[in-house]
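Data first, discussion second: the structure below is written as structure tokens.
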Amino acid sequence: LCCPKDLFDPGVSQITEFLDPGECYPAGEYASNPDILRSLRVLGLRTSIGLSGLLTVANTIANQQGNRADNNTGANTFDKAVALISYIDDHANTLFNLNSSRRSVFSRMFSSSSSKKKDDSAQDFFRNLK
């Protein structure tokens, strides 16, 4: 049993891409019933993740990548890693207390002069690391 402040809102899709649904979200009827979700939001259901949470997720993803037993697990881990980097990129100003005149390292890393989508740039970056 968890407190709402320890769980994440399943309605925030960007976070659901890299967090483990079995450990981080309300379970069963708590996640599917709109009235219950509304009450949980009032009680403090989380809609964002901070730096310490992101580091925990990054370590979990790294451990999963190191322990992967099959190719499907590796692909899922890769997708989670890309989603995590995309989340950090999208929220860098808030996460790192950057003012609007400074661009984040992540934005510079993934910016592209072509018309490629940001996700494609992130995937290309990680594929080149393999």
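With rounding to the nearest 0.5 angstrom, the SG atom of C2 is 11.0 Å from the CG atom of L45. One finds the NZ atom of K80 at 4.5 Å from the CD atom of Q64 (value rounded to the nearest 0.5 Å). Atom CZ in F18 sits 9.5 Å away from atom OG in S86 (nearest 0.5 Å).
At a threshold of 4.5 Å between non-hydrogen side-chain atoms, the residues P10 and L37 count as touching. Proximity of F8 to I49: side-chain heavy atoms (C-beta onward) are separated by under 4.5 Å at one or more points.
Under a hydrophobic clustering in which Ile, Leu, Val, Met, Phe, Trp and Tyr are joined whenever their side-chain heavy atoms come within less than 4.5 Å, directly or via other members, L84 and L55 fall into different clusters. Hydrophobic clustering (ILVMFWY, side-chain heavy atoms < 4.5 Å, transitive): L54 and Y25 are in one cluster. Residues L51 and V12 share a single hydrophobic cluster, defined by chaining ILVMFWY side chains whose heavy atoms lie under 4.5 Å apart. Under the 4.5 Å side-chain heavy-atom criterion for ILVMFWY residues, no single connected hydrophobic cluster contains both I15 and L43. Criterion: ILVMFWY side-chain heavy atoms under 4.5 Å apart, direct or through other members. Under it, L19 and Y30 are not part of a common hydrophobic cluster.
Residues Q14 and D90 come closest through the heavy atom pair NE2-OD2, 2.7 Å.
Listed for the D89 side chain is no donor-acceptor partner under 3.5 Å among the backbone atoms of I85.
Every residue two or more places apart in sequence or in another chain that forms a side-chain hydrogen bond (donor to acceptor under 3.5 Å, both in side chains) with D35 is listed here: R38.
By the 4.0 Å N-to-carboxylate-O rule, D9 lies close enough to R41 to be salt-bridged with it.
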Starting from the C-alpha separation in whole Å, work towards a yes-or-no answer on side chain to side chain contact (heavy atoms under 4.5 Å, CB included) for E17 and D79.
-> CA-CA 8 Å; E17 295 174 5; D79 292 341; over 6 Å; no
